[in-house]
Every structure is written in C-alpha cells, then in structure tokens.
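We're numbering straight along the sequence, starting at 1.
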Amino acid sequence: MITPAYLQKGDTVAIVSTARKNIDDNLKPSIDLLHSWGLEVVIGSTIGLDYNQLAGTDEQRAADFQQQMDNPNIKAIWCVRGGYGTVRMIDLLDFTKFKQHPKWIVGFSDVTVLHNHLNTMGFKSIHGTMPVSIATTAPESKASLKSALFGEPISYKINPFPMNRFGKATGELVGGNLSILNSLFGSKSAIDCTDKILFIEDLDEYLYHIDRMMMNLKRNGCLESIKGIIVGGMTKMKDNDIPWGKNANEIVQDITQKYNIPILYNFPAGHVHDNRALIMGNTVSLEVNENGGTVVFE
C-alpha cells in the first residue's frame with residue numbers, strides 16, 4: 001500500500017464536502033485546530049452549497065474534490081461531514097494526478113466510500129473525526145488525527161470487554177461504516193477482505209439490518225478470509241416492536257462464532273465522542289487477551 005506524504009508545518013489542508021451539506025458557520029474550531037498544528041487551510045467551494053440534503057449537485061461536489069486532488073499545494077483533503085452522497089460522485093473523479101502525487105483523504109462514515117475506493121487502488125487513507133464534530137470530539141480523538149497526519153507512531157490499548165475473543169493477528173486494516181461496506185459489494189470500490197483486519201462501525205440502524213449486513217459479509221466470503229475484526233461504535237441502534245433479541249455486538253458475536261479469529265469490541269472509533277484515527281490500508285498488529293486489546297500500526 002502506498003503511503004501519502006506525511007504533513008509538515010506550513011502544509012495546506014482543504015476542507016470539502018462529498019456528501020451532506022454544511023451551511024452552518026461551524027468551521028472555526030477546525031480551522032483553529034489546523035492552525036495550532038502549523039497548517040494552512042483552504043475552504044472548498046462545496047462548503048455552504050445547499051442542494052436539498054447535499055452540498056451541491058454531484059457534479060459540483062466532484063469538481064471541488066477534483067480541484068483539491070489536482071492542486072499540488074493541497075497536502076490533505078478533510079471531508080467536513082458524512083451523511084450520504086459520496087457514492088453519487090465517486091465515479092465522476094479522475095485519480096490520474098492523485099496516483100502521481102497522493103495525499104491524505106480524511107473522514108469517516110459516508111467517507112468509507114473513498115476509503116474503500118482508495119484501498120482498491122493501493123493507497124492508504126485516514127478514518128478519523130471530521131470538522132463538523134471538532135468542537136465536541138474528545139481530545140484523544142484530535143491528538144490521534146494529528147499523529148496520523150504527521151506520521152507519528154500510533155498504537156492503542158483498549159480496556160477488556162466481556163465479549164472479546166482472544167488471539168493475535170497481523171494484517172492490512174480495511175473497512176469502515178458497515179452499511180457503506182455492504183452497499184459497495186459488487187462494485188469496483190468493494191474491498192478484498194483476504195488476510196485483512198476488518199474494522200466496522202455503524203449508526204442509527206435497525207438491529208435486524210446489522211444482522212443482514214453481517215450475513216452479507218459472511219455470504220460474500222469476507223468473514224472466512226479475514227484475520228481479525230475490530231468493532232467500533234455501534235451507536236443509537238433501533239429495534240422493532242417485536243425485538244430482534246440481540247444487540248449489535250451480540251449479532252457480530254453470533255455470526256462470527258465459527259471463525260477462529262481475534263475480535264476486539266468497543267474500540268473507540270466511529271460515531272462516538274472519542275473517535276480515534278485509523279490509517280486504513282496500513283498493516284496493524286492486533287492482540288486481544290484478558291487484559292484487553294492492543295492495536296499497533298506498523
């Protein structure tokens with residue numbers, strides 16, 4: 001996997017929207033944060049656009065992203081928020097110049113489309129907090145994003161969780177939002193799970209949807225070929241009048257019980273206050289035991 005150049009003081013970061021609109025005056029905390037790291041900021045043309053739910057038309061969002069990708073002075077692109085819409089513009093992008101001069105693409109949730117698409121092309125990216133959340137995100141979340149962008153060592157030690165499955169594994173980290181992962185199966189943006197460490201998280205889904213998506217991972221051969229699983233936030237899950245009978249973590253446990261792989265639950269990433277940065281495409285060492293779990297980025 002190709003690693004984009006890590007940032008240095010004086011570099012410029014572009015803030016854009018690939019999905020839901022951002023029309024509020026809410027970027028000062030993010031701009032101040034980047035300035036405190038010695039970075040410059042460019043605000044993309046999609047910020048402030050209002051096209052129903054989206055930050056402009058598909059063509060407008062693609063044009064803004066393309067401009068930031070092709071601009072050699074932009075060293076990282078930080079997606080302002082998730083929602084929905086990245087998949088509508090992904091096929092409008094030309095990655096020719098990006099392949100020649102790759103840069104960090106940062107975000108999570110709907111930005112999983114970009115993480116997976118970049119993975120299929122052989123490039124790393126950063127699953128991390130986004131500008132819309134900076135004012136309320138945990139200090140550890142912001143610090144981890146800085147470490148990822150500047151190439152500082154990253155390792156996480158996670159407290160024990162009753163459902164953890166013990167073991168060790170080393171592999172390339174892939175994944176992201178479970179709903180997005182499932183929506184990409186069968187497309188050219190779908191990841192290859194073979195020998196990978198799979199990270200999943202989700203928000204605001206019915207529990208039976210989680211079961212259906214985990215079954216889809218299984219039926220696509222993903223669970224049989226991976227080396228381990230990291231389960232992040234399963235946040236604000238919903239149930240029907242007739243309960244499904246298991247929570248999200250129990251669903252994951254149920255469908256993965258036949259596989260002899262380490263599984264680390266309750267990892268601080270996703271739609272949670274403490275959303276630690278993950279370098280997707282990077283090799284990680286995962287160890288889960290009675291003391292909890294460690295995730296070390298090589």
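- Few gaps surround CD on Glu59; more than 12 heavy atoms of other groups in view lie less than 6.0 Å from it.
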List the steps and the verdict of side-chain hydrogen bond (donor to acceptor under 3.5 Å, both in side chains) for Asp110 and Thr86.
CA-CA 6 Å; Asp110 195 63; Thr86 308; 2.5 Å; yes
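- For Glu298, the CD atom counts as densely surrounded, since its 6.0 Å shell holds more than 12 non-hydrogen atoms of other residues, nucleotides or ligands.
- Between Asp202 and Ser179, the side chains place a donor N or O and an acceptor N or O closer than 3.5 Å (distance only, hydrogens not considered).
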Evaluate Asn71 against Gln67 for side-chain hydrogen bond (donor to acceptor under 3.5 Å, both in side chains), listing each step before the verdict.
CA-CA 6 Å; Asn71 185 344; Gln67 181 179 349; over 6 Å; no
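- Between Phe108 and His115, the gap from one ring centroid to the other reaches at least 6.0 Å.
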Start with the C-alpha gap between His273 and Thr136, add the side-chain angles, then the distance that decides, and say whether side-chain hydrogen bond (donor to acceptor under 3.5 Å, both in side chains) holds.
CA-CA 7 Å; His273 173 61; Thr136 56; 5.7 Å; no
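- Note that the CG atom of Asn282 and the CD1 atom of Ile154 stand 8.0 Å from one another [nearest 0.5 Å].
- Put simply, the side chain of Val296 does not reach to within 4.5 Å of the side chain of Tyr156, judged on heavy atoms.
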Run the numbers on Met214 and Thr256 for side-chain contact (heavy atoms from CB on, under 4.5 Å), then give the verdict.
CA-CA 9 Å; Met214 289 300 301; Thr256 61; 4.1 Å; yes
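- Looking at every heavy atom in both residues, Ile229 comes nearest to Leu286 through O-CD2, 4.1 Å.
- Ring geometry for Phe199 versus His127: interplanar angle over 60°, hence perpendicular rather than tilted (30 to 60°).
- Aromatic ring centres of Phe98 and Phe123: separated by under 6.0 Å.
- Residues Arg88 and Arg61 have side chains in contact (heavy-atom distance under 4.5 Å, counting atoms from C-beta outward).
- Atoms CD1 and CD1, on Ile15 and Ile47 in that order, are 7.0 Å from each other to the nearest 0.5 Å.
- Atom NE2 of His101 has 12 or fewer neighbouring heavy atoms from other residues, nucleotides or ligands inside a 6.0 Å radius.
- Between Tyr208 and Trp244, the angle of the ring planes lies from 30° to 60°, which puts this pair in the tilted group.
- Residue Phe166 qualifies as enclosed at atom CZ: its count of foreign heavy atoms under 6.0 Å is above 12.
- A 4.5 Å side-chain heavy-atom check between Leu217 and Phe185 finds at least one atom pair inside the cut-off.
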Does Asn177 form a side-chain contact (heavy atoms from CB on, under 4.5 Å) with Glu201? I'd like the steps, not just the answer.
CA-CA 5 Å; Asn177 182 267; Glu201 64 85 28; 3.1 Å; yes
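- Between Ile230 and Tyr265, every side-chain heavy-atom pair lies at or beyond the 4.5 Å cut-off.
- The residue from Asp24, Asp25, Asn26 that alone fulfils the side-chain hydrogen bond (donor to acceptor under 3.5 Å, both in side chains) condition with Asn22 is Asn26.
- Under a cut-off of 6.0 angstrom, the local environment of NZ in Lys238 is crowded, with over 12 non-hydrogen atoms contributed by other residues, nucleotides or ligands.
- Put simply, CG on Asn289 and CD on Glu287 are 5.0 Å apart, with the number rounded to the nearest 0.5 Å.
- Residues Ile74 and Val13 fail the side-chain proximity criterion, which asks for heavy atoms closer than 4.5 Å.
- Looking at Glu290 and Pro160, their side chains never come closer than 4.5 Å, going by heavy atoms from C-beta outward.
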Residue pair Thr235, His271: steps toward the side-chain hydrogen bond (donor to acceptor under 3.5 Å, both in side chains) verdict
CA-CA 6 Å; Thr235 311; His271 294 81; 5.6 Å; no
Dump the intermediate steps for salt bridge (charged side-chain N to carboxylate O under 4.0 Å, His left out) on Arg276 and Asp274, then the final yes or no.
CA-CA 6 Å; Arg276 305 288 178 94; Asp274 186 3; 2.7 Å; yes
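- Annotation for Lys157: atom NZ counts as buried by contact number, over 12 foreign heavy atoms lying within 6.0 Å.
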What verdict does the side-chain contact (heavy atoms from CB on, under 4.5 Å) test give for Glu172 and Asp195, after you've listed the backbone C-alpha separation in whole Å, the side-chain angles of each residue and the deciding distance to 0.1 Å?
CA-CA 7 Å; Glu172 178 188 318; Asp195 294 331; over 6 Å; no
side-chain contact (heavy atoms from CB on, under 4.5 Å), that's the test. Do Asp64 and Gln60 meet it? Break it down for me.
CA-CA 6 Å; Asp64 188 16; Gln60 287 174 315; over 6 Å; no
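- Minimum interatomic distance between Met89 and Asp58 (heavy atoms only, all atoms of both residues): CB-O, 3.9 Å.
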